[in-house]
Number of protein chains: 2
Amino acid sequence: MLLHVNPSTGLPIYLQIQAQVKHAVAAGALRAGDALPSVRKLASDLRINPNTVARAYLELEREGVIAAVPGGGTFVADGTSGLLKAERVRRFRPLARQVAVEGRQLRLSRDEIVQFVDEELKALGGKS
Amino acid sequence: MLLHVNPSTGLPIYLQIQAQVKHAVAAGALRAGDALPSVRKLASDLRINPNTVARAYLELEREGVIAAVPGGGTFVADGTSGLLKAERVRRFRPLARQVAVEGRQLRLSRDEIVQFVDEELKALGGKS
DNA sequence: CACACTGTATTAATACACTGGTACGGACGG
DNA sequence: CCGTCCGTACCAGTGTATTAATACAGTGTG
């Protein structure tokens with residue numbers, strides 16, 4: 001569980017943490033039940049305030065990616081519970097549309113766009 | 001050129017305008033050389049400040065989507081000039097990665113994710 | 001030149017995002 | 001129990017995003 005943060009990137013720190021945790025989970029580097037570094041530990045490692053880490057964890061919990069137990073620790077959630085597939089698809093569509101529009105704006109062909117997305121999917125770990 | 005804006009959506013107005021123009025261009029509803037509504041006209045139609053429209057146009061111009069001529073008007077740019085393909089691909093990758101990660105987080109299969117993106121691309125107008 | 005239109009620059013009011021300091025309540029091993 | 005770890009809540013400060021009011025500058029027409 002190696003995280004790094006760049007405060008001068010413009011992107012808020014808590015979003016950087018969020019993105020990296022999400023990526024690690026999606027890639028299988030973190031699996032259901034795995035413990036995340038504690039709020040204080042990670043904050044100390046990154047030289048930032050515990051609240052900033054807590055905020056990142058809070059939003060990840062809202063999205064169902066992780067589960068925090070007060071006094072216990074924070075763990076990767078198992079995706080079993082949660083939303084109906086229809087709802088998940090509904091949440092995904094705007095993002096899919098954005099990729100389509102941006103890709104076309106960059107004058108990429110339909111095939112290229114699809115291919116790039118598929119490459120990133122493969123990079124996450126091919127199956128499922 | 002029909003635009004609508006919802007001030008209470010949380011998403012900044014200038015971003016809503018940006019997204020809709022981008023979508024219209026990507027979908028071919030607006031073509032290279034077409035005139036956009038003037039800053040004041042659109043602002044008046046939407047009951048917002050001209051500066052807000054100007055800001056949306058400004059960023060669209062930075063991205064090369066449109067071209068503004070002071071005193072003249074604002075027009076859809078022809079994508080001919082501009083960035084090298086390598087650069088365009090470089091800009092696209094982070095977005096492709098984000099779709100991949102989010103899609104997986106929503107427990108969609110690789111095929112489903114690719115398919116949803118392709119559907120949005122088709123909805124924009126199939127060729128190229 | 002006057003005029004009516006264009007986009008642009010400057011400045012300001014306001015709200016909210018972001019981060020941090022600090023204190024609180026629960027879990028767990030001595 | 002007590003100390004130490006956990007996540008959490010509250011509050012303040014700083015900066016920046018968002019929108020707007022206003023004035024400026026270029027273009028084209030009669």
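Each chain gets a letter, A, B and so on, in the order the sequences are listed, and its residues count up from 1.
The shortest distance between the side-chain N/O atoms of B/Thr52 and the OP1/OP2 oxygens of D/dT19 is not below 4.0 Å.
Residues A/Thr52 and A/Tyr14 come closest through the heavy atom pair O-CB, 3.7 Å. Between B/Glu87 and B/Leu83 the shortest heavy-atom distance is CG-CD2, 3.5 Å.
Nucleotide D/dT27 holds its C1' atom 13 Å from the CZ atom of B/Arg40, rounded to whole Å. Going from atom CD1 of A/Ile48 over to atom P of C/dG21 covers 12 Å, rounded to whole Å. Rounded to whole Å, atom P of C/dC16 lies 14 Å from atom CD1 of B/Ile13. If you measure from atom CG of B/Leu11 to atom C1' of C/dC16, you get 15 Å, rounded to the nearest angstrom. When the C1' atom of C/dG7 is taken as reference, atom CG of B/Leu60 falls 14 Å away, rounded to whole Å. Atom CZ in A/Arg47 sits roughly 17 Å away from atom P in C/dT19 (whole-Å rounding). Rounded to an integer number of Å, the gap from CD of A/Glu59 to C1' of D/dT8 is 15 Å. Taking atom CG of residue A/Leu42 and atom C1' of nucleotide D/dG7, one finds them 14 Å apart after rounding to whole Å.
Contact annotation for B/Leu58: no contact, since no heavy-atom pair falls under 4.0 Å across all strands. When heavy atoms are screened at a 4.0 angstrom cut-off, A/Tyr14 is found touching the sugar-phosphate backbone but no base atom.
Along DNA chain C, the nucleotide nearest to A/Gly72 and the one nearest to B/Glu61 differ in position, and the one closer to the 5' end is contacted by B/Glu61. When the nearest nucleotides of DNA chain D are assigned to A/Lys41 and B/Asn51 by heavy-atom distance, the more 5′-ward of the two goes with A/Lys41.
Remark: side-chain polar atoms of B/Glu120 are not paired, donor with acceptor, to backbone N or O of A/Val99 under 3.5 angstrom.
A side chain to side chain contact (heavy atoms under 4.5 Å, CB included) with B/Ile13 is found for one member of B/Leu46, B/Asn49, B/Val5 and no other, namely B/Val5.
Among D/dT19, D/dT8, C/dT8, the nucleotide with an atom closest to any side-chain atom of B/Arg55 is D/dT19. Nearest to the side chain of B/Asn49, among D/dC6, D/dA20, D/dT8, sits D/dA20. Residue A/Val39 has its side chain nearest to D/dT8 when only D/dT8, C/dT8, C/dT6 are considered.
Using a cutoff of 4.0 Å between basic side-chain nitrogens and carboxylate oxygens, B/Glu102 and A/Arg91 are not scored as salt-bridged.
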